[in-house]
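The next block holds one structure in the form of structure tokens; read it before the comments.
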Amino acid sequence: MKRYVLGLTLLGSIHLVGCADTQSKADCQPGDAECNSRPVGDGKSDGWDDKNDPAVMAQHLEYHLEQLPKKGWRDKPVWKDTYPEAVGKAESVWADTYWPASQGSHNARWQGSDVKSPLEKYDVAFNNAPGCDTQPAMYGTGAKANWDTYNQCAGPAAKWQTENYEEIGLMHNGIDDDGDGTIDDYGSDGIDGVQGWWGSCHAWTPASQLVPEPQHAVTMNGVTFEIGDIKALIQNAFDRTSAVMLGGRCNAKEITHDVHGSANDDCSDVNPGAMHVVMTNFLGINTLPLVEDRTANYQVWNQPVVGYEITKQDKVDAATAMKCIGATGDTYTYNTDATDLYEVRMTVSYVVEGSPGTSPIGYRNNVSTDDYHYILEVGSTGKVIGGRYCSDAENNHIDFLWSPTGSWHPSNPNVDVDNIKKLIKAAVAPQ
Ligand SMILES: [Ca+2]
Ligand SMILES: [Ca+2]
Ligand SMILES: [Ca+2]
């Protein structure tokens, strides 16, 4: 969950198609397929800002409301050209645990205390390190001494993970790191500061869309990697993923709303107009990977987005729109370039976490939904130009959306991405 890292920021997964700028600049929207450049200085108030500009996600976007599909689903895998051997076998996305940091992350012995963890198996197979027979409790009295002993026999990948990854080492270093009076144990702030929601969903979410789910166990260099092991190692290798991001990350525990505030504040966005454009383009018109942080507040719960459906899209007058937003009056005072207003309800389908196992689980049994309610702002040429959440949705909305752009590598210096790619290939190869 935490450790949402944006590496090298690349622009868009779709290339800008050279298209004639046949309309006036005022009609051009950021990343608009009809225009070559974004509009500047056209006097918008409360349209989307740079952070909420759909152009950061992709070029060649469709903005005409009439052209935007009412529903879309990730039925075609993003990886179909990279892993043709998995097409027809693996589902387009896969569920997985987020490998909680508090349980040791990818070094957790998920099959039981006597079966090596994914990283311990990796050390045996690729780092020539047999490792330790047992693994101590993650935290608690005596944890430091036990982990000091473990680290003397552990292989380099396992050792690095237990000391450095997502501050796991704080749980067994003999120090009261969060100053709450308990050493290496639960107190007022997780286990010495390590929170239960920390994990690698920032890696699971792009990985589960960019590479297929392993379909069977693989034996390599004498070590058998179960499907659950390979998925953990894939997550480890996706710890640093290049991506583009829409909306600002909210850092507040409690969100307070000002009806006069901007729709683009970090805790008020992602701007629902921008969300509408990206959702419909990424999942309705195209097949592009999409991840949401579905918690509007400071927590980050990244989930793969697999579908959406617009269940209401009614043109409304200004008074109705103002009321929906929680304001009063007969004049729409937010984005004054809006000539038409729509009240919209969208249901978004996303993948929830699953458990590690020895069989592929796909994602279809792990789908959940959220409903969003907002006013869509449409300009004189019928294009979406912004939006604002209705008051019943303003505390519960997507915080930000993001999309991986293709490059990924592990933070663990003792894990080689080439080995992980070999494991993936072998795990989807015909048997
Ligand atoms: Ca500690
Ligand atoms: Ca958040
Ligand atoms: Ca936000």
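Order of appearance sets the numbers: ligands from 1, and atoms from 1 within every ligand. Position 1 is the first residue of the sequence; numbering continues from there.
Of all the heavy atoms in Gly199 and Glu166, the pair that sits closest is O-OE2, 2.6 Å. Nearest heavy atom pair, residue Phe225 against residue Pro118, reads CE2-O, 4.3 Å.
Aromatic ring orientation, Trp79 versus Tyr83: perpendicular (interplanar angle above 60°, classes split at 30° and 60°). Relative orientation of the Tyr389 and Tyr374 rings is perpendicular, given thresholds of 30° and 60° on the angle between their planes.
Nearest to the Ca ion (ligand 1), among the N, O or S atoms that Asp192 has, is OD2. Looking only at its N/O/S atoms, Asp266 has O as the one nearest to the Ca ion (ligand 3). The name of the N, O or S atom in Asp269 nearest to the Ca ion (ligand 3) is OD1. Taking the Ca ion (ligand 1) as reference, the nearest N/O/S atom within Asp177 carries the name OD2.
Between Ile175 atom O and Asn173 atom OD1, the angle centred on the Ca ion (ligand 1) amounts to 90° (nearest 10°). With the Ca ion (ligand 1) as the vertex, O of Leu170 and OD1 of Asp184 span 90° to the nearest 10°.
No side-chain heavy atom of Thr97 sits less than 4.5 Å from a side-chain heavy atom of Trp110. Here the side chains of Phe282 and Val305 are not in contact, with every heavy-atom distance at 4.5 Å or above. Contact check for His106 versus Ser200: side-chain heavy atoms found under the 4.5 Å cut-off. Residues Asn414 and Leu119 form no side-chain contact, since every pair of their non-hydrogen atoms from C-beta on lies 4.5 Å or further apart.
Annotation: the span from Asp371 atom CG to Thr347 atom OG1 amounts to 4.0 Å, rounded to 0.5 Å.
Protein-derived N/O/S atoms nearer than 3.0 Å to the Ca ion (ligand 2) total 5, waters excluded.
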